[in-house]
Structure formats: structure tokens, C-alpha cells
Amino acid sequence: MRRSLRKLAMGLFFVGPWVIGFLGFTLYPMVMSAYYSLTNYNLVNPPKYIGWNNYIRLLQMDPQFKTAIGNTMYMVLFGLPIWLFVALVMAVLLNEKGKLTTFFRTLFYLPSVVPTVAASVLWMWVLNPQYGIVNTLLKSLGFSGPGWFTDPKWSKPGLILMGAWATGGTMIIFLAGLQNVPEALYESAELDGAGWWRKLVHITLPILTPTIFFNLIMGMISTFQYFTQAFVISRGAGSNVPPGGPLGSTLFYAIYLYQNAFSYLRMGYAAAMAWLLFIVILVSTLLLFRSSGKWVHYDT
Amino acid sequence: MKRTVLAFLLVLLVSALAYAEPVTIEYWTGWGGEELEDIQKYVIDEFMKENPDIIVQTSTIFGSYDKLLTAIAAGTPPDVVSAVWETQIPGLAERGALMNLDEFAAKSELYDPDDFYPANYRQSLYKGSLYGIPATTNTSFIVYNKDLFREVGLDPENPPRTLDELVHAADLLTKRDENGKIVRLGYDAAGSGLWVWGHVFGGKFFDEENDVFTINSPENIKALTWMVDYVNRYGGMQVVQEFISGLGNYWSPQNPLFAGQVAMAGFGEWIVQFNERYGPIDYGIMAFPAPEGGVQNFTTVGGSMFCIPTGAKHPEAAWRFIEYITGPKGVEQMARTLTNMPPRRSVAEKLVHDLPVINFGLHALESPKAASGGPLTPIDQFFLDTLGQYVDQALYGQLSPEEALNQAQQMVQFEYEMAAF
Amino acid sequence: MTLNTLSSNRWRSKRRQEIVRVVLVTLLRVALGFMVAVPFFWLVTTSLKPENQLFRVPVVWIPQPIMWSNYVRAVQYIPFFTYLKNTLTIAVPATVFTTVSSSFVAYGFSRIQWPGRDAVFMVLISTMMLPYQVTMVPLFVVFKNLGWIDTYRPLVVPTLFGGAFYIFLIRQFLMSLPMDLQDAARIDGCSELRIYAQIMLPLTKPALATTALLTFIGYWNEFLMPLIYINTNDKFPLALGLQQFQRQYGAEWALLMAASTLMTIPIIILFFATQKTFIRGIALTGIKG
């Protein structure tokens, strides 16, 4: 008994800093944020309780909120799968025997160490409709490139393209997963006459499912909070332009939330948005976990 | 005894030191770059020379005006800000973020409300109290490139006076390459915004008497319809935006007006300095042409307001700085440095011969039709962002002008009532 | 057809398959590599262009002359060294604090068996799912009341309490070390603190290096937090300063690219210098708990 008490004390001593941080920087703010979400609060005057009005207004009366959800879902449903796919293809290519593997690994990985703001600024110029390198190359092939970040239809594809360029972190995780596949499995499959494609589909991918699942979860959580790239690029359109343009096509959830909090000082409204976001992330994560039983293989 | 004397002397010495120690005030400005360097040299340094007991420490927040509200609301404010547009005063004052300057003003010998133009004076007040004082003001007009007018056979001394003439000139001045891509745009009408065109068409956005927004007034809808038609002449908003994304830096010789990529452009008094730095081009000035029944010679009037945020550490010293820079001497120095309009009549009259561009502003500022750069309500930022979004939807053809403005009206009015000031 | 020729045919076709595969893989690698490299090329070539060659059709591929002076102008235009100093003022303490505090906490979560440990650890894991936005507003209010707005404290102080992700990472590493290491020490009467500091800490060096590296890069890149908390220009870190510059001087593309290059180079150097730690760190993040 005394020993386990002593252990408890020792354990708490070590995890103490985190517990204090958790209480002060996570739990307390969570409680307060739930409270603010039921108030009208502009940071200067004290919060005024207004019940569920913020939520009602968000869900029923705010077209911007709908736009923000639409844009964010677009990224989760189209952007994220594309990014994961590109990362997976890169990883598979690097896992093959071949010349200059280290060189290519470094090259593929490099974009993801470029600071996000620098990368965003760079891509504004890479995708400049008139003088950017992508449209120039397209033109030399006989295509006329789109307006990218100046065109509401092409701004999100532009962001997805940029994200695909910088997907090196995910790629490395895939690569680590690939290197865990036991060589013996391939060898026995080869004896059965399996080709490259069959080995990929029947051995590699199933074994990789936990890694795919992990990347999917992490990717989803961060895509729901997609912010910096779109913020930098859309505000870069002019020195007095609010973020989210053109035509609200890059108004993502986190951007609209930020604007509410810090441009309009609608702190209560922003807190309500944050809680809705949290609930969506929670539910999506749970759904993914429940579905994982069907397609994620934890054996071997 | 000896000890007492010594102590006494020591106290004297310490207090003398404390007295001689100048007060440092923090000043946040919206000016930046070369403009700020000039202001520092010709105005702020002058002030410090005359007032050795005050040190002004300047930092720029150029480009992040939208953060000002949070910055002040968050406490730890500077002693003086001038990065406040006239439109931000109500929002800040209403939230208790600015100091009421009435008492300072009453005692001041330099501050004279009657010397300010009515439009500027109105903007200084919120609910009858003084919250900010301008040191400069801007009017707005269209600058056109006379050489390009000559090139296409337009009379450079007779710029467009009606909307039809404006469109006609813009058509002639617009140039495309062999693929039909715009290489020179006559005039980017959408860039001047509905705020300007709505007023030119005789519209208003806020009805002060009834305390309601009037974004969807018939005049504003007419103005937006005209803007949409205008943009469509050049292939729609997308094509225009694509062209704009390829333009050079505004604060450089690559500025589209100086690079010959646009022939007419909405501008303010800073054209004089820009032309010295990035030109020269042979330019003329014209008022926004108005339709029949609209407002002739419309201009916006605005400028940076000098304010003291609540919680400033040295309000007395802050006021002395404001008093100086918005006083006759400071206003003149600012006007000369930036070639901006002075908001004080006595200074404007004195300068009019030195700075011809001021002639335009002189008439404009006396006009009762002059409007601020935005609505004078506490939700200015929300208004401007929301209006911009709906105007864009109309320009991109997603909503009809009427629908767009109806929805904007509903959103903004609702927020205005919800915010419940 | 004898068995012999059959197997040799099979061998030949297999070899042919092998060659096709290698060629295909190489081609794909080169193609992807090209796409990845194009923006880098554009970054560097634009940063060296004279202004009048930026907006030109056909595009100028190699600037003529090469304007090294763009870099000099860029560091003056943006107060680059001030921003750099600010970035380091945030990133260095944040890195040290995160590494030390996270390893300390990770020890408590791995090498001591105490009742309730796993439940508390689950709480820690689940905080990683919490979007930053949920705590953003109240934290702003807290820091405002403390008078910390427009200082680096809101960015640095929370790192004293460990980062959930890094605690997790170091804990995973600690769990993989044999338990008898410390049992022996305990029998010898060593205090837990000494076991942590003298036995475990040196053994976790690889995990600590990874933590330090990832934190440093994280703070080098961090945009949202300084955007929220820092107001005055002369306190901006690089990420915010660059964005601000972009907003003000929109189309100074040559200078923007020069500044972006300057902001990226230190990280690339760091990456090459620590490639092993780096890659292992990223790979570790994917290991399931």
C-alpha cells in the first residue's frame, strides 16, 4: 500500500508539469470556450449570456459559414485523398531498388521542410496566371492554363497541387511502413508467380493499412484546420483584401473562425464555431475508427 | 546634521534626475516605407527637437490595420495610434478602446475645431465626443495618362465627364494581344468598389436618422448593375482578375499606371509623390463621372486619425504629440511631406499655390456630399468585408446585383442589431 | 519442349519484367522529381532576376544579369535580421523547454508504474485531437489579462509544460528500453530523479534529438500563434514578417523570392546536417502506440 502510494506520488511528480499545463492551457480554456460560445463577447465588455443563439445563427442564418464548411469538406474529401495518394506513390517508388534512391528521397522530401509561409508565397508566383512557371510550361505544350488563385473554380485545385508538392512528411511515414514489410512474404509470393502489381495489391497494401489509417486520421484532423496556406495566398491578393478570396473560394473553416474572433471581435461566435469543429472532428474520427475494423489489418 | 544635508542633497539629485528623464511615448503608425522615413525626418524629429522632454518611439503596423482593433482591445496599447482609419473610430470608441479627448481639446491652444473641414470634423466625433484628430486627409479621383489618351485619339485636356464617355474612353484605351488577352486595361472600375460608385449614383449605405443600413437602395443596385455590365465588357471578372494578378508592385515603377498597363486609375493625392518617385508620366485628374441624377464631383474623404488608446501610459505626453502633429505647423509639415490634403482650412489655403493637386481637394472637401471611406458605425470591418463578398458574387455573375445587395443588407443589418451597441 | 527450356524462358521473361520495372520506376522517379524540382528552380531563378525581367513573355529562364544584389535589398527591405533574431528568441527557448519538459513527463508515463497512469495517458493522447481553435479564444483572454499580448510569452511559456506529441514520442522510445536498467538502480537506492537524469536521459538521446529538431522547425515555421499574439512589426518572427511584406509590397516578386529563399536555407542546411535524426523522427511519428 505504502509502496503504491509512493509510486503514485513519484508518477505525479514527473507528469506534474504536463498535468498543470493541461489544466491551465487545455481544460480551463475548454470550459471557458464552451461558456463563451453561449455568450456575446467582444473582448472589451464582459460576456453577455445569449443561450444557444450563436449556434442557431451559425446553422441557420450564416451563408459564410456554409461556404466555409463547403470549402473545408472539399479539401477533406478531394485534397486529402490526393495528398495521401501522391505520398504513397512516392513512397512505393522510393521503396523499389533503383539508382540514386537517396537522392530522390531527399528531393521528394525537401519541399516539406520549406516554411509554409515561404512555400505559399512561392506558389502564388509559380501559379501566376500570366508569368508563372506552370502556365508557361502548359502553354509550351499547347494548353492555356487556368487562372489558379485568381479564379474561384481553380483556387482550391491550386492549393491541392501545392499540398501535393509538400507531402514529404506523409511520404516518409509510408516509407517506414513499407520497409516493415517482411521480405519473406514477397519471396514466397514470387514463387507463386505473382507480378509486381499483384504483390503490391495483395501484400504491400494490406500490410500498410495501419500506416494508411494513421496518416488518414492525422491528415483529416489537420485538413479540417487548414489555414496558413490559404490565409497567406488569399490575403496576398492586395494590401487591404480580407482572406478567403477569390469569391469566398478559399474561405476555410479556420479562416472564417479567425476572422470572427480577431477581425470582428465576435469571440462568442468564434467559440461556437470551434466547438462545432471539434464535434465534427470527433465524430469523423470515431467513424473512421469504427470503419477501420473492415479494412485495417493489424495482424502480422 | 551633516547626514540630513547629505540625504537632502541626495533626494534633490534623484528628483532632478527623474525630472530630466524624458518621457518615452510609443506611437503606432499606419505609414510605412519611404513615407514613414520622411514623416520621421520632417515631422516627428522636429517635434522631438521642440519638445526635448518627450521621446517618440515609432513602430509601423502598415498592412495590418485589421489587427488594430484586437491590439488595442487586448490591452498593452501604445500611447498614440494613427493607424486608425476614420471608419474605425466608432468601433473602437464604442468598445471603450479610445480615450475621450474632449478635456484635452478644451484646454488646448493648438486645437481649433472650426479650422477643420466639416467632413473631417464629423469623423473626429463619435456620439458627440472627440476621439481622434486627423493630420492629413485624402480625397479620391481618377488619374489618367495623357500620353495614352493622345495615342488613341482622345483629347487629353477633356477627360470623360459622363459614364458613357468614361466607358467609351476605357474601350479605346484597352489593348489586347493577338490571342485576345488584355495587355492594357482602360480602367478597372470594379477596383474602385461599390462604396464609391454607389455614392456617385446618389446612393447611401447607412441612414443615420433611422439608424438602419440601406445597402440595397435602388441607387446602389443601379451602381452595381453598371459595374457588372462594365466588367462584362472585358470578358468578366475572371479575365479582369487574371490581368490584375500580373500587375507589378503598387509602390514601385511597376505600378500599373506608371508601367502603362492601365490608362485611368482611382487615386488620391499621393499621385504627386508617386509621379516623382516612379514616373514621371504626363497625367491629369478627373472626378468620378456621374450618371444623370447622380452626384457630380463626388469624393471620399478620409485619413489617418490620431488617437490615444485607453490604458495608454502617458496620455499627457501623447496629447502633446497629437496636438503638435494635428496643429497648424504639424499639418503643414505632413501635407508637404506626403503631398496629402491638409484637413485644416488655414493650411490648405496657404498651400494651394505650392501644390496644385490640392485644388481638387479644396472643392471636394467643402462639398456636403463628400463621404467617408466607409460607414461610420462600430461594425465597419464586418460591413466592408461582407459588402465586398456580395459585390464579388454579383461581379462574378453568381447573384444578380439586386439579390446580392439584398443579402448583404440582411447580413449587415442583422449583425448591427445583434452586436447591440 | 523440355523442362529446361521452359525454365529458361521463364527466367528470361522474369528478367525482362525486371528491366521493364527498373526503367519504369526510374522514369516515374525522374518525372516526379522534375515536378518537385520546378518550383525550387522558379524560386531561385526569380530571386535573381532584375525587376524588368519578371513580367515578361516569353519567360526569362536564366536572369541576365544575375542580380545577387536582390538578396542585399531583400534583407534591408524586410528587416530580415530583426525578424531572424525574433524567430530565434522564440524558437531556441521553446525548443529547450519542450525537449526537457517532455522528456521529464515521458519518464513519468513510461518508467514508473503508478495507478491511473494509463487513463491519464489516454487523456494526453486525446488532447492531440483537440483543434487549436477550441482553446484559442479563452487563451487569448487569459494572456490578455496577464498583459502578455505583443510579447513572446504566450508562445514560449506553454512549452514549459511539455508537448503532448513529444511526450508520446519520447515515451514510445522509453518503453522500448529494458526495465531492469532502472530496477537495478532502484535496488541500489538511487532516487527516481537520479535514475531519470543519469541513466535514462542519456539513453534517450536519439528521441530527444528528434524532439528538439521537430520543435525547432515547428517554431521556425509557426504562423498562427504569432499572428494572434504579436502586433508590432519589430517583434515579428520571420514567418509573419514575410507574409506582411508580401501583403505590403505584393508584387516585388524578386525580393519576395529572395527573402523566401533566405528563410528556407537554414532549414535545408539543418535538414542535411541531421538527415538521419530527421527522417527517423518523421518515421517514428507514424509508429502506432
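Model, not experiment: these values are computed from the prediction. Every chain is numbered from 1 and lettered A, B, ... according to where its sequence line falls, protein lines coming before strand lines. All heavy atoms count here, side chains included; hydrogens, waters and symmetry mates do not.
The minimum heavy-atom distance linking A/Pro115 with C/Thr264 is given by the pair CD-OG1, 3.7 Å. Of all non-hydrogen atoms in C/Val137 and A/Ala270, the two that sit nearest each other are CG2-CB, 4.2 Å. In this structure, C/Val157 and A/Phe25 approach most closely via the heavy-atom pair CG1-CZ, 4.4 Å. Residues C/Arg29 and A/Phe108 share a closest heavy-atom pair of O-CZ, 3.8 Å.
Of the residues considered (A/Thr136, A/Leu282, A/Val121, A/Val134), A/Val121 shows the highest number of contacts with chain C, using heavy-atom pairs under 4.5 Å. Contacts with chain A were tallied for C/Tyr196, C/Trp220, C/Phe41; C/Tyr196 has the most, counting heavy-atom pairs under 4.5 Å. Contact tally against chain A (heavy-atom pairs below 4.5 Å) for C/Asn221, C/Thr26, C/Ile267, C/Val105: the top residue is C/Val105. Ranking C/Ile268, C/Leu130, C/Leu28 against chain A, the residue ahead of the rest is C/Leu130, based on heavy-atom pairs under 4.5 Å. Listed options C/Thr45, C/Leu270, C/Leu43, C/Leu240 were ranked by heavy-atom pairs under 4.5 angstrom with chain A; first place goes to C/Leu43. Of the listed residues (C/Ile217, C/Thr261, C/Val141), the greatest number of heavy-atom pairs within a distance under 4.5 Å of chain A belongs to C/Val141.
Neither the backbone nor the side chain of A/Ser120 comes within less than 4.5 Å of any heavy atom in chain C. For A/Val31, no part lies near chain C; criterion is any non-hydrogen pair under 4.5 Å. For a residue to count as touching a neighbouring chain, one of its non-hydrogen atoms must lie under 4.5 Å from one of that chain's; by this rule A/Tyr28 touches chain C with the side chain only. Both the backbone and the side chain of A/Ala254 come within less than 4.5 Å of a heavy atom of chain C. A/Met273 does not touch chain C: none of its heavy atoms, backbone or side chain, sits under 4.5 Å away. A/Leu137 touches chain C through its side chain: at least one heavy atom from C-beta onward sits under 4.5 Å away, while N, CA, C and O do not. With a threshold of 4.5 angstrom between heavy atoms, A/Thr26 approaches chain C through its backbone and through its side chain. Within the 4.5 angstrom heavy-atom criterion, atoms from both the backbone and the side chain of A/Leu110 approach chain C. Contacts between A/Tyr36 and chain C at a heavy-atom distance below 4.5 Å involve the side chain alone, from C-beta outward. Heavy atoms of C/Thr135 lying under 4.5 Å from chain A belong to its backbone as well as its side chain. With a threshold of 4.5 angstrom between heavy atoms, A/Leu43 approaches chain C through its backbone and through its side chain. With a threshold of 4.5 angstrom between heavy atoms, C/Phe55 approaches chain A through its backbone and through its side chain.
Enclosure of atom NZ in A/Lys139 is not indicated, since only 12 or fewer non-hydrogen atoms of other residues, nucleotides or ligands lie within 6.0 angstrom.
The distance from atom CD of C/Glu222 to atom OG1 of A/Thr228, rounded to the nearest 0.5 Å, is 7.5 Å. Atom CZ of C/Arg111 and atom CE of A/Met10 lie 14.5 Å apart (nearest 0.5 Å). Once rounded to the nearest 0.5 Å, the distance linking OH of A/Tyr258 with CG of C/Leu227 reads 3.5 Å. Separation of atoms CE (C/Met128) and CE (A/Met218) is listed at 6.5 Å; rounding is to 0.5 Å.
Without hydrogens or angle criteria, A/Trp18 side chain to C/Phe161 main chain gives no donor-acceptor distance under 3.5 Å. When atom types are taken as modelled, the side chain of A/Ser33 and the backbone of C/Val134 share a donor-acceptor pair closer than 3.5 angstrom.
C/Gln133 places none of its side-chain heavy atoms less than 4.5 Å from the side chain of A/Tyr253. Counting heavy atoms from C-beta on, the side chains of C/Pro131 and A/Leu277 come closer than 4.5 Å. Within the 4.5 Å cutoff, the side chain of A/Val232 has heavy atoms near those of the C/Phe223 side chain. With contacts defined as side-chain heavy-atom distances shorter than 4.5 Å, the pair A/Trp165/C/Pro39 qualifies.
Aromatic pair C/Trp114/A/Phe13: centroids not less than 6.0 angstrom apart.
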